[in-house]
Amino acid sequence: MAAASNFKSARARSRFRQKLLAWYGVNGRALPWRETRDPYRIWVSEIMLQQTRVAAVLDHYRRFLKQFPSVQALAQAQESAVLAAWSGLGYYRRARMLHAAAKKVAHEYAGQIPDSAEALRNLPGIGRYTANAIASIAFAEPVAVVDGNVERVLARMSEVPIAQSELWTTAQNLLDPARPGDFNQAMMELGATICLPGVPECHRCPVKSACCSRGQKLVARTPGAQRLRKSASLKLVMRNGKILLRQRPTSAQLMPGMWELPEYARGIRRQPQLRLKHSITSTDWSINVYTCRASVSSGETWVPLSQLARLPLTGLTRKILRRTNLLA
DNA sequence: GATCCGTGGTG
DNA sequence: TCACCAAGGAT
């Protein structure tokens, strides 16, 4: 018995769908990817939203689509341009895979984005969640999604624990097959805005009458991994409208091929021009930035300031260049 | 199946 | 301040 036992009747599921969708129609946030059914635009949004908050995606989404308005445009782009547009969003492998998938669509699918969840799975970067999200939103295929939001909502609503292996079946049984895209987004919207990870705001919940826990159920969470603290000194060297940067090795595990400020050889102890904190994966960095005279080491390159926006900079590098007004 | 991949907001 | 973590996927 896969379905949560509080949704055993078709009538109960129907009421739930009606309430959830009515709430979503009124309270759903106006987001740019909700104003289109263009599968390309839906696809880009789903990749950007992987493990990334809506607020962090909005700016990048608009700029990315302006620069790469179609799957053909993306397929023809240089990878460095794609990474530059992704700079600051993190998880850069998403951008490389999106780019590779666009090329695959252009060359092996005659430029047509596959229109079923099953076929979408053949594209790099598209797993079970993303395939179902695109298929349901862009093509109205009745396939449910399970993301962190949906998992939490289902766990709280169910009167019995839901095994990991039954999550997808549970979501599928609950799905409104007539409006799969809206239903999936409504479930995620509920989790993102009301059924919050910490303390849920049940008084605002449109489906609290169908909920077994009313927010009392604690959602188990894994103990966080130990974070490392490190510090680094970077140098900011400019001459003749150019800045000294280095490119990370293409063989690097972390952010391969992306550009950053060179390290500042330790020694002279003086006040840095800029201090900042930056967390990256599992390390919390304390960064000191020193302006200094030109002294080029191997592997460092002069880059015209006018080209910075076109380079795949690491997020930290973008942050520093913006704080120092060298980048818009 | 555990681990890795980035970043910025949040309480 | 600091731990947590957000519309996952690949390996």
Side-chain angles (χ1 to χ4, degrees), chain A residues 24 28-29 31-34 41-61 83 86-98 100-101 120-138 144-153 164-165 167-168 171 181-193 195-199 201 219-229 248 252-258 260 276-287 312-320 322-323:
Chain A
Y24 178 68
R29 292 167 290 181
L31 300 172
W33 46 88
R34 290 179 177 166
R41 292 179 169 248
I42 304 296
W43 176 17
V44 171
S45 77
E46 289 299 339
I47 301 299
M48 284 193 175
L49 286 163
Q50 288 172 3
Q51 297 292 287
T52 308
R53 294 175 192 281
V54 166
V57 166
L58 289 172
D59 269 0
H60 280 89
Y61 183 73
L83 286 171
W86 207 270
S87 173
L89 258 188
Y91 287 129
Y92 298 99
R93 192 167 53 178
R94 293 182 297 177
R96 299 177 201 274
M97 290 189 295
L98 175 61
L120 285 162
R121 287 291 295 271
N122 294 321
L123 296 175
I126 297 186
R128 190 177 187 180
Y129 163 82
T130 305
N132 286 12
I134 297 170
S136 63
I137 296 168
V145 299
V146 175
D147 74 331
N149 289 309
V150 174
E151 181 172 353
R152 183 174 60 255
V153 169
Q164 202 69 27
S165 58
L167 270 175
W168 285 84
D182 286 340
F183 181 89
N184 282 333
Q185 293 188 83
M187 286 287 280
M188 295 189 282
E189 188 84 353
L190 186 68
T193 63
C195 197
L196 303 168
V199 181
E201 302 188 7
V219 177
R221 53 193 71 243
T222 57
Q226 186 83 2
R227 297 192 64 80
L228 300 174
R229 299 155 161 275
R248 299 177 60 81
Q253 287 281 347
L254 194 64
M255 298 177 282
M258 299 188 70
E260 60 190 3
L276 51 82
K277 303 286 186 185
H278 189 74
S279 297
I280 187 167
T281 61
S282 59
T283 304
D284 295 331
W285 289 93
S286 297
I287 303 293
L313 304 170
T314 69
L316 170 60
T317 307
R318 273 167 57 91
K319 191 192 283 188
I320 294 169
R322 284 184 165 166
R323 297 257 178 109

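What you see is a predicted model, and the numbers here were worked out from it, not measured in a lab. Numbered from 1 within each chain, the chains take letters A, B, ... in sequence-line order.
With sequence neighbours left out, the side-chain hydrogen bond (donor to acceptor under 3.5 Å, both in side chains) criterion links Y61(A) to no other residue. In this structure W168(A) satisfies the ring pair (Phe, Tyr, Trp, His ring centres under 6.0 Å) test with no other residue, sequence neighbours excluded. For the salt bridge (charged side-chain N to carboxylate O under 4.0 Å, His left out) test, no residue two or more places apart in sequence or in another chain qualifies with R93(A). Residues meeting the salt bridge (charged side-chain N to carboxylate O under 4.0 Å, His left out) test with E151(A), sequence neighbours left out: none. Every residue meeting the salt bridge (charged side-chain N to carboxylate O under 4.0 Å, His left out) condition with D284(A), not counting sequence neighbours, appears here in chain and number order: R227(A). Taking T314(A) as the reference, R248(A), M255(A), M258(A), E260(A), L316(A), T317(A) meet the side chain to side chain contact (heavy atoms under 4.5 Å, CB included) condition, with sequence neighbours excluded. Remark: S286(A) engages K277(A) in a side-chain hydrogen bond (donor to acceptor under 3.5 Å, both in side chains) (not counting sequence neighbours). R96(A) is linked by a salt bridge (charged side-chain N to carboxylate O under 4.0 Å, His left out) to E79(A), counting only residues two or more places apart in sequence or in another chain.
Contact check, H278(A) against dG8(B): a side-chain N or O comes under 4.0 Å of OP1 or OP2. For R229(A), a side-chain nitrogen or oxygen approaches OP1 or OP2 of dC2(C) to under 4.0 Å.
Here dG9(B) presents its P atom at 17 Å from NZ of K277(A), a figure rounded to the nearest Å. Atom P of nucleotide dT3(B) and atom CG of L254(A) are separated by 18 Å, given to the nearest angstrom. Here the C1' atom of nucleotide dG8(B) and the NE2 atom of H60(A) are 11 Å apart, to the nearest Å. If you take CG of L89(A) and C1' of dA6(C), they are 12 Å apart, rounded to a whole angstrom. Nucleotide dG6(B) holds its C1' atom 16 Å from the CD1 atom of I47(A), rounded to whole Å. Between the P atom of dT7(B) and the CG atom of L83(A) lies a distance of 12 Å, rounded to the nearest Å. To the nearest angstrom, C1' of dC4(B) lies 16 Å from OH of Y92(A). What separates CZ of R152(A) from P of dC4(C) is a distance of 16 Å, to the nearest Å.
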- Item | Pair L120(A)-L123(A), side chain to side chain contact (heavy atoms under 4.5 Å, CB included): steps then yes or no | CA-CA 6 Å; L120(A) 285 162; L123(A) 296 175; 4.3 Å; yes
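Contact annotation for W285(A): no contact, since no heavy-atom pair falls under 4.0 Å across all strands. G191(A) comes within contact range of no nucleotide atom at all, as no heavy-atom separation falls under 4.0 Å.
A donor-acceptor pair is defined here as one N or O able to donate and one able to accept, closer than 3.5 Å; no such pair exists between the side chain of R318(A) and the backbone of L313(A).
Remark: the separation of the P atoms in dC4(C) and dT3(B) is 16 Å, to the nearest Å. Rounded to whole Å, the P atom of dG9(C) lies 23 Å from the corresponding atom of dG8(B).
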Return all side-chain donor-acceptor pairs below 3.5 angstrom for residues 124-134 of chain A, not counting sequence neighbours, or 'none' if the list is empty.
residue: Y129(A); atom: OH; partner: E46(A); partner atom: OE1; Å: 2.7
residue: T130(A); atom: OG1; partner: Q50(A); partner atom: NE2; Å: 3.0
residue: N132(A); atom: ND2; partner: A144(A); partner atom: O; Å: 2.7

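The minimum heavy-atom distance between V150(A) and V145(A), with the atom names listed, is CG1-O, 3.6 Å.
Across the interface with DNA chain C, nearest-nucleotide mapping of D284(A) and R34(A) shows D284(A) to be the residue nearer the 5′ end.
Near-neighbour residues of DNA chain C inside residues 312-320 of chain A, defined by a heavy atom below 4.0 Å, are absent. Of the residues in residues 181-190 of chain A, none lies under 4.0 Å from DNA chain B by heavy-atom distance.
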All N/O pairs under 3.5 Å across the protein-nucleotides 8-11 of chain C interface:
residue: dG8(C); atom: OP2; partner: Q51(A); partner atom: N; Å: 2.5
residue: dG8(C); atom: OP2; partner: Q51(A); partner atom: NE2; Å: 2.8
residue: dG8(C); atom: O5'; partner: Q51(A); partner atom: NE2; Å: 3.4
residue: dG8(C); atom: O3'; partner: T130(A); partner atom: OG1; Å: 3.4
residue: dG9(C); atom: OP1; partner: G127(A); partner atom: N; Å: 2.8
residue: dG9(C); atom: OP1; partner: T130(A); partner atom: N; Å: 3.0
residue: dG9(C); atom: OP1; partner: T130(A); partner atom: OG1; Å: 2.6
residue: dG9(C); atom: OP2; partner: Y129(A); partner atom: N; Å: 3.4
residue: dG9(C); atom: N2; partner: R93(A); partner atom: NH2; Å: 2.4
residue: dA10(C); atom: OP1; partner: G125(A); partner atom: N; Å: 2.7

